[in-house]
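To keep things clear, I will list the structure first and then write my remarks on it.
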Amino acid sequence: MSAVAPWIYIDHSNNIWKFYLNNDNELLYNIMYSEGKWTKESVIDTGIKEFTIYLEEDETIHIVYYNINRELKYCTLKSRQWFGKILHQLDDDEHEISDLKVEILGEDMHIFYLQHTSNSKNTGILKHLKWDGKNTEVNVLLEMKMVDTSNEKYSVQVTGKNNIQIFF
């Protein structure tokens, strides 16, 4: 399991949501309502290596994650149930995905990630997956050398209405 920090936010009703990976690679969440007690942990999916979350202004939660089956998946909460979809599948056993980042512009979700060999994280390929809700398109942005001492290999920022900037 990669070291993925829990993701916590407070919704408009002052409920605290917590998303995290446990030691069994399960993606879990629970909620603390106004009574001050956490709900029982609920499993979103299993076999997860890494995840990231994008929260829209209307509090729609979008989760993108990479699993042990070499799938890049998406899920969202609708009517109190998690619904998901496989967005991309790695074809070979030698590569892994890490450093997931997500931005939504208009109707398109932009997912950025590093693809690297399983035995070396010194070099990687920065990729961009664009998903319009139906179709996905994967593009190679850059092959890059990565510094082991840096926690963040690249940064993604949205500027203006339709402009994404990536910093290395």
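Because the structure is a prediction, the values reported are computed rather than measured.
With a 4.5 Å cut-off on side-chain heavy atoms, Ile31 and Trp38 do not count as touching. Counting heavy atoms from C-beta on, the side chains of Met32 and Lys37 never come closer than 4.5 Å. Contact check for Ile63 versus Thr52: no side-chain heavy atoms found under the 4.5 Å cut-off.
Checked by atom type and distance alone, the side chain of Gln165 never pairs as donor or acceptor with a backbone atom of Val158 at under 3.5 Å. A distance-only check finds no donor-acceptor pair linking the side chain of Arg70 to the backbone of Asp91 [under 3.5 Å]. Judged by distance alone, with hydrogens and angles left aside, the side-chain atoms of Thr39 form no donor-acceptor pair with the main-chain N or O of Asn30 at under 3.5 Å.
With values rounded to the nearest 0.5 angstrom, Tyr9 atom OH is found 9.0 Å from Ile53 atom CD1. A distance of 11.0 Å separates OG1 of Thr123 from CD of Gln115, quoted to the nearest 0.5 Å. Expressed to the nearest 0.5 Å, how far CG of Leu55 lies from CD1 of Ile61 amounts to 6.5 Å. The CG atom of Asn69 sits 8.0 Å away from atom CD1 of Ile86, with the distance rounded to the nearest 0.5 Å. Put simply, NZ on Lys85 and CD on Glu71 are 12.0 Å apart, with the number rounded to the nearest 0.5 Å. Atom NZ of residue Lys49 and atom CG of residue Leu100 lie 12.0 Å apart, to the nearest 0.5 angstrom.
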Self-check item: Full working for ring-ring contact (aromatic ring centres under 6.0 Å, His included) between Tyr33 and Trp17
Solution: CA-CA 9 Å; Tyr33 293 107; Trp17 294 65; 7.7 Å; no
Quiz item: Can you list the steps and then say if His116 with Glu96 is a side chain to side chain donor-acceptor pair (under 3.5 Å)?
Solution: CA-CA 5 Å; His116 50 82; Glu96 295 285 331; over 6 Å; no
Exercise. Would you check, one step at a time, whether the test side chain to side chain contact (heavy atoms under 4.5 Å, CB included) holds for Tyr65 with Cys75?
Key: CA-CA 9 Å; Tyr65 57 94; Cys75 73; 3.9 Å; yes
Self-check item: From CA spacing to verdict: ring-ring contact (aromatic ring centres under 6.0 Å, His included), Trp131, Tyr74
Solution: CA-CA 10 Å; Trp131 180 45; Tyr74 163 82; 4.8 Å; yes
Practice problem: Check step by step if side chain to side chain donor-acceptor pair (under 3.5 Å) holds for Glu137 and Asn139. | Solution: CA-CA 7 Å; Glu137 176 184 327; Asn139 295 296; 3.2 Å; yes
Quiz prompt | Thr76 vs Thr60, side chain to side chain contact (heavy atoms under 4.5 Å, CB included): CA-CA, chis, key distance, verdict | solution = CA-CA 8 Å; Thr76 190; Thr60 301; 3.8 Å; yes
Quiz item: Can Val43 and Tyr29 be said to form a side chain to side chain contact (heavy atoms under 4.5 Å, CB included), step by step?
Solution: CA-CA 7 Å; Val43 177; Tyr29 80 103; over 6 Å; no
Quiz item: Between Asn25 and Thr46, does a side chain to side chain contact (heavy atoms under 4.5 Å, CB included) hold up when you go through it step by step?
Solution: CA-CA 6 Å; Asn25 294 343; Thr46 60; over 6 Å; no
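Partner Lys73 forms a side-chain contact (heavy atoms from CB on, under 4.5 Å) with one of Leu87, Val64, Asp45 and no other, that one being Asp45.
The number of heavy-atom neighbours closer than 6.0 Å to CD of Glu143, taken from other residues, nucleotides and ligands shown, is 12 or below. Atom CD of Glu59 sits in a crowded spot, with more than 12 heavy atoms from other residues, nucleotides or ligands closer than 6.0 Å.
In the hydrophobic cluster analysis, where Ile, Leu, Val, Met, Phe, Trp and Tyr join through side-chain heavy atoms closer than 4.5 angstrom, Leu114 is grouped apart from Leu90. In terms of hydrophobic clustering, with Ile, Leu, Val, Met, Phe, Trp and Tyr side chains grouped at heavy-atom distances under 4.5 Å, Leu21 and Trp82 are assigned to a common cluster.
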Contacts table for residues 102-113: side-chain donor-acceptor under 3.5 angstrom, sequence neighbours left out:
{"from": "His110", "atom 1": "ND1", "to": "His128", "atom 2": "NE2", "distance (Å)": "2.8"}

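Closest of all the heavy-atom pairs between Glu50 and Ile97 is OE1-O, 4.2 Å. The shortest non-hydrogen separation linking Ser34 to Asn15 is N-OD1, 3.9 Å. Shown here for Lys18 and Pro6, the closest heavy-atom pair between the two residues is CE-CB, 4.4 Å.
Within the structure, no pair that satisfies the ring pair (Phe, Tyr, Trp, His ring centres under 6.0 Å) test touches residues 83-106, not counting sequence neighbours.
Using a 3.5 Å distance cut-off with no hydrogens or angles, the side chains of Glu41 and Tyr20 do pair a donor with an acceptor.
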